[in-house]
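One structure is given below, encoded as structure tokens.
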There are 2 protein chains.
Amino acid sequence: MADNVRRSMPLFSMGIVQKLTGLTARQIRYYEENDLINPERSEGNRRVFSFNDVDRLLDIKSLLDEGVNLAGIRRVLSEKPVEANRPAEAKKAMSDAELMKFLKSELVQAGKFGKASLIQGELSRFFR
Amino acid sequence: MADNVRRSMPLFSMGIVQKLTGLTARQIRYYEENDLINPERSEGNRRVFSFNDVDRLLDIKSLLDEGVNLAGIRRVLSEKPVEANRPAEAKKAMSDAELMKFLKSELVQAGKFGKASLIQGELSRFFR
DNA sequence: ATAAGCTGTGAGATAAGCTAACATCGTTTG
DNA sequence: CAAACGATGTTAGCTTATCTCACAGCTTAT
């Protein structure tokens, strides 16, 4: 569950996510419009994506390549509902200090338990 | 060395880094001015920070808290020169597709070897 | 007391992101 | 077949985030 929080921490801007996923902004926004993802927003209404979000986007892309349409993808991804992307801890806006403190402790946890990479779950399912 | 590349991949915007480090934009820019960090730039000249960069910024912050001045910090951090932040692979601009492909393979590597988190090295050195 | 070091703040410019609307083009469906 | 739908591109107009540069202010070192 600490893992959930880590994976759903808002970190990436639209531009970066485009590079990481190879999708266009238009596509990403459209998928959000269709409830396939639900990225956080900055104070100024910019989307801020988590590892989970990037993960799902790669899932979506892969499924689209296989010819599955968005409705189908919604079904496939319904196992992992978008709500799972926003655990309570992530929702209640942390202060900057809290966020930082949290990140630190999370990192220590990761170190202690030899936890796997932040970006490992769904992301790695699809390649080689 | 694949690890180097991963850790020096430009990922974070100024706003995010401010939150992750608790530093102001002014401070971050000043540290860059003094060659303590050397973040990548976007096409439009915006700074794009890597895990390594965030790492160093947390180092810097920690040392400043201890009363070390920038000159001193420069010395302390000179073990890990800023050039180490930009390995050749990261320097030669990857195409978006290449970047994505690279990320994917990196993730798989991480998975295979049970590699530790992307954000683990220097970052975790300082807390608890 | 001056100088140097570090950070704040403000101005002016521009990049990057947002929404909304309309265009396009292939695939369903009546 | 024509109309509707699904997915994406493109454009316009607007707002936020970031950039550089300059100057101000406070602290510490000379």
Side-chain angles (χ1 to χ4, degrees), chain A residues 10-50 53-54 56-77 93 96-97 99-100, chain B residues 10-50 53-54 56-77 93 96-97 99-100:
Chain A
L11 289 175
F12 307 111
S13 66
M14 175 60 88
I16 304 271
V17 171
Q18 290 183 63
K19 284 197 196 293
L20 292 182
T21 62
L23 297 166
T24 67
R26 181 67 170 92
Q27 287 177 296
I28 295 171
R29 296 189 190 114
Y30 186 66
Y31 303 154
E32 182 189 38
E33 208 174 299
N34 285 267
D35 301 311
L36 296 181
I37 53 170
N38 188 18
E40 205 69 58
R41 296 295 183 119
S42 77
E43 238 182 57
N45 199 37
R46 264 76 222 253
R47 290 173 182 81
V48 190
F49 301 83
S50 66
D53 293 324
V54 176
R56 284 181 81 93
L57 285 171
L58 288 173
D59 285 4
I60 293 167
K61 180 177 181 153
S62 176
L63 289 167
L64 279 174
D65 283 350
E66 293 176 29
V68 183
N69 66 10
L70 287 205
I73 295 176
R74 197 178 354 260
R75 286 294 290 276
V76 173
L77 294 188
D96 295 358
L99 173 56
M100 182 173 46
Chain B
L11 288 175
F12 306 112
S13 67
M14 175 60 87
I16 305 264
V17 172
Q18 290 183 63
K19 283 198 196 295
L20 292 183
T21 62
L23 297 167
T24 67
R26 182 65 170 91
Q27 289 176 294
I28 295 172
R29 295 189 192 113
Y30 187 66
Y31 304 153
E32 181 189 39
E33 208 174 300
N34 285 266
D35 301 312
L36 296 181
I37 54 170
N38 188 17
E40 205 69 59
R41 295 295 183 119
S42 76
E43 235 181 62
N45 198 39
R46 268 76 229 264
R47 290 173 181 81
V48 190
F49 300 84
S50 67
D53 293 323
V54 176
R56 285 181 80 92
L57 286 171
L58 289 173
D59 285 5
I60 293 167
K61 179 178 181 151
S62 177
L63 289 168
L64 279 174
D65 283 351
E66 293 176 30
V68 184
N69 65 12
L70 287 207
I73 295 176
R74 199 184 347 267
R75 284 297 288 277
V76 172
L77 294 188
D96 295 0
L99 173 57
M100 179 172 51

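All chains are named by letter (A, B, ...) in the order of the sequence lines, taking the proteins before the strands, and each is independently numbered beginning at 1. Please read all numbers here as calculations on a predicted model, not as lab measurements.
A donor-acceptor pair is defined here as one N or O able to donate and one able to accept, closer than 3.5 Å; no such pair exists between the side chain of B:Asn45 and the backbone of B:Arg41. Remark: side-chain polar atoms of A:Arg46 are not paired, donor with acceptor, to backbone N or O of A:Ser13 under 3.5 angstrom. A donor-acceptor distance shorter than 3.5 angstrom exists from the side chain of A:Asp53 to the backbone of A:Ser50, with no hydrogens or angles considered. With hydrogens and angles ignored, the 3.5 Å screen pairs no side-chain donor or acceptor of A:Asp65 with any backbone N or O of A:Ser62.
B:Arg74 pairs by the side chain to side chain donor-acceptor pair (under 3.5 Å) definition with nothing, not counting sequence neighbours.
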| Between A:Ile16 and B:Val48, is a side chain to side chain contact (heavy atoms under 4.5 Å, CB included) present by the stated rule, with each step listed? | CA-CA 9 Å; A:Ile16 304 271; B:Val48 190; 3.8 Å; yes

| request: Encode nucleotides 17-30 of chain D as B, S and - characters from 5' to 3', where the letter depends on protein heavy atoms closer than 4.0 Å: B to the base, S only to sugar-phosphate, - to neither. | output: BBBB----------

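Using a 4.5 Å heavy-atom threshold, the side chains of A:Leu63 and A:Ile60 count as separate.
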Return the polar atom pairs (N/O with N/O) between nucleotides 3-6 of chain C and the protein under 3.5 Å, or none.
unit_1 : atom_1 : unit_2  : atom_2 : d
C:dC6  : OP1    : B:Leu70 : N      : 2.7

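Between A:Lys19 and B:Glu40 there is no salt bridge, since no side-chain nitrogen of the basic residue lies less than 4.0 Å from a carboxylate oxygen of the acidic one.
Pair check for D:dT30 finds C:dA1; Watson-Crick or G-U wobble, both atom distances under 3.5 Å.
Atoms NZ (B:Lys61) and C1' (C:dT7) sit 14 Å apart, rounded to a whole Å.
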